[in-house]
Amino acid sequence: MTTRGWKALGAVAVLLGGGIVRPPSAEACGGPVCDPAKVRVPLPPDAVVPANVPALVMLPFPVYGKELETLRLRTEDGADVEATLLPGPHRSGLVVPAAPLVPGAHYRLEAHDLCGGFPQEPGAAEVSFTAGPAVTLPAASGTLRAEPEQQATFQVWGGSTCSVGVEGRTVTLGFTPAPELVPFLPWVHWTLEVDGKTWATAPHGAVDAAGNVMPPNRFAYAHDLLIVYSVCRVLSDEPAPSDQGLPPGRHVATLRPVLEQSGTPLPPMEVSFELACPKQEPAPAPDVEPEDLRDGCSQANGGFTVFGLLATLRLWRRRS
């Protein structure tokens with residue numbers, strides 16, 4: 001079977017097994033069911049965490065049906081820290097400390113037996129960090145802007161073949177986080193709406209202090225958080241994609257950050273932009289006969305002029 005055939009078969013299998021498939025979900029396009037190496041805590045090495053962090057995050061979690069009880073927050077010497085365990089967005093596991101962390105103390109966020117004995121190695125994830133001073137929870141989000149529109153060739157993700165090559169118009173949105181938001185970015189998840197409808201989402205820790213967005217896992221996120229587009233033309237020999245992007249015209253983008261378990265909501269940011277596919281070249285006009293030939297079959301006063309035809313017949317008779 002060809003590669004395209006296997007991809008299409010995977011899409012059908014997911015459709016039959018799970019009902020309606022979220023387009024263009026790439027669950028149909030592969031990826032192991034449980035891969036402990038992909039379980040992560042959105043923290044850099046040697047991270048310093050504000051002592052009043054509302055919640056710590058591990059994602060994706062639970063994995064392969066494991067319960068949240070496998071998550072643990074521990075001190076450096078292995079003592080359990082009292083915390084509430086909650087399921088969060090983007091298949092995340094949330095650890096909400098019962099009290100602020102102790103500044104200067106070292107902690108570990110860990111999970112074991114991630115795959116429930118499948119595969120042979122059950123898998124574990126662990127990250128260490130240091131608690132820093134408490135920081136005021138952010139009340140500002142930052143600024144959002146729209147870069148100039150661009151013509152581009154790119155892949156539209158989803159469908160029976162997982163991706164389709166297209167030509168279209170794209171706009172990149174630029175985001176600059178507010179300084180007070182930066183210390184809490186690892187625990188912020190994101191939604192980008194266009195004209196009031198969800199266009200893209202991104203998990204905790206997807207945006208860094210410079211406003212750059214981590215490249216998404218295409219098995220879970222078909223759209224980049226800060227790139228919008230219209231599909232103008234499908235490349236040759238490609239099937240028509242189910243995702244046509246946005247219709248040409250003027251739109252409003254709204255970026256919504258959410259700091260996990262924070263009682264202080266972050267304000268959304270808006271910016272308008274425009275997408276305009278190039279106009280199609282008109283089809284060439286059909287060849288037109290010369291005027292003198294056209295006269296022989298033209299209409300005049302409701303009838304056909306036959307002088308040209310009679311003259312031709314007389315010429316044939318003389319030659320005969």
Side-chain angles (χ1 to χ4, degrees), residues 39-62 67-112 124-144 175-192 201-214 225 254-269:
V39 178
R40 68 183 183 90
V41 175
L43 283 176
D46 303 320
V48 177
V49 172
N52 60 326
V53 61
L56 299 163
V57 176
M58 182 175 286
L59 54 89
F61 202 91
E67 299 298 328
L68 286 171
E69 282 71 16
T70 60
L71 271 174
R72 291 286 187 275
L73 177 61
R74 292 188 165 120
T75 61
E76 187 178 25
D77 58 7
D80 285 337
V81 176
E82 184 180 358
T84 301
L85 306 178
L86 299 172
H90 302 274
R91 296 175 57 204
S92 61
L94 309 180
V95 179
V96 183
L101 304 178
V102 179
H106 301 287
Y107 294 88
R108 294 198 311 268
L109 183 61
E110 57 186 51
H112 298 281
E126 179 180 310
V127 67
S128 299
F129 61 90
T130 303
V135 180
T136 302
L137 293 179
S141 301
T143 57
L144 188 67
F175 169 60
T176 302
E180 62 193 89
L181 178 62
V182 170
F184 294 92
L185 284 173
W187 309 285
V188 175
H189 64 92
W190 307 82
T191 300
L192 182 71
T201 61
H204 313 82
V207 179
D208 66 18
N212 301 313
V213 181
M214 177 179 64
L225 180 66
T254 305
L255 183 62
R256 298 184 184 276
V258 176
L259 175 57
E260 201 61 67
Q261 300 299 303
S262 171
T264 305
L266 292 167
M269 297 152 284

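Model, not experiment: these values are computed from the prediction.
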- Message: Given 3.5 Å as the limit, does a donor-acceptor pair link the side chain of Tyr107 with the main chain of Leu101, or not?
- Response: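 Checking the backbone N and O of Leu101 against the side chain of Tyr107, no donor-acceptor pair under 3.5 Å is found.
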- Are Arg91 and Leu59 close enough that some pair of their side-chain heavy atoms sits under 4.5 Å apart? no
- Side-chain heavy-atom pair Leu225, Val207 within 4.5 angstrom cut-off: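 In short, these two side chains touch, coming nearer than 4.5 Å.
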Minimal non-hydrogen separation, [X] against [Y], with atom names:
X      : Y      : value
Pro50  : Trp187 : CD-CH2, 3.9 Å
Pro138 : Leu266 : O-CD2, 3.6 Å
Pro267 : Pro257 : O-CD, 4.0 Å
Pro89  : Ser92  : O-OG, 2.7 Å
Asn52  : Ala134 : OD1-CA, 3.4 Å
Gly205 : Pro42  : CA-CB, 3.9 Å

Checking [X] now: which residues fulfil side-chain hydrogen bond (donor to acceptor under 3.5 Å, both in side chains) with it, not counting sequence neighbours?
X      : result
Asp46  : none
Ser128 : none
Thr75  : Asp77
Arg256 : Glu193

With sequence neighbours excluded, what pairs up with [X] under the side chain to side chain contact (heavy atoms under 4.5 Å, CB included) test?
X      : result
Leu86  : Thr84, Leu94, Val96, Gln261
Ala210 : Asp208, Asn212
Ala206 : Ala202, Pro203, Met214

- Could Glu110 and Arg72 be called an ion pair, given the rule that one side-chain N must be under 4.0 Å from one carboxylate O?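 Here Glu110 does not pair with Arg72 in a salt bridge, since their nearest N and O are not under 4.0 Å apart.
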- Task: Before giving the answer on side chain to side chain contact (heavy atoms under 4.5 Å, CB included), spell out for Leu259 and Thr264 the whole-Å C-alpha distance, their side-chain angles and the decisive distance to 0.1 Å.
- Result: CA-CA 8 Å; Leu259 175 57; Thr264 305; over 6 Å; no
- Message: Checking side-chain polar atoms at under 3.5 Å, does Thr130 have a donor or acceptor matched by the opposite partner on His106?
- Response: yes
Which side-chain N or O atoms in residues 175-184 pair as donor and acceptor under 3.5 Å with protein atoms at least two apart or in another chain?
from, atom 1, to, atom 2, distance (Å)
Thr176, OG1, Arg145, NH1, 3.3
Glu180, OE2, Ala139, N, 2.8
Glu180, OE2, Ala140, N, 3.4

- Item | Asp80: partners by salt bridge (Lys or Arg N to Asp or Glu O under 4.0 Å), with sequence neighbours left out | Arg74
- Task: Please list, chain by chain and in numerical order, all residues satisfying salt bridge (Lys or Arg N to Asp or Glu O under 4.0 Å) with Glu76, sequence neighbours excluded.
- Result: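 Glu76: no salt bridge (Lys or Arg N to Asp or Glu O under 4.0 Å) contacts found.
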- Could you walk me through whether Val95 and Val57 pass side chain to side chain contact (heavy atoms under 4.5 Å, CB included), step by step? CA-CA 6 Å; Val95 179; Val57 176; over 6 Å; no
- Show the numbers, then the answer: is there a side chain to side chain contact (heavy atoms under 4.5 Å, CB included) between Val41 and Leu56? CA-CA 8 Å; Val41 175; Leu56 299 163; over 6 Å; no
As an exercise, state the distance from [atom1] of [X] to [atom2] of [Y], rounded to the nearest 0.5 Å.
X      : Y      : atom1 : atom2 : answer
Leu255 : Met269 : CG    : CE    : 4.0 Å
Thr201 : Leu192 : OG1   : CG    : 10.0 Å
Met58  : Leu71  : CE    : CG    : 5.5 Å

- Under the ring pair (Phe, Tyr, Trp, His ring centres under 6.0 Å) test, which residues partner His189, sequence neighbours left out? His90, His204
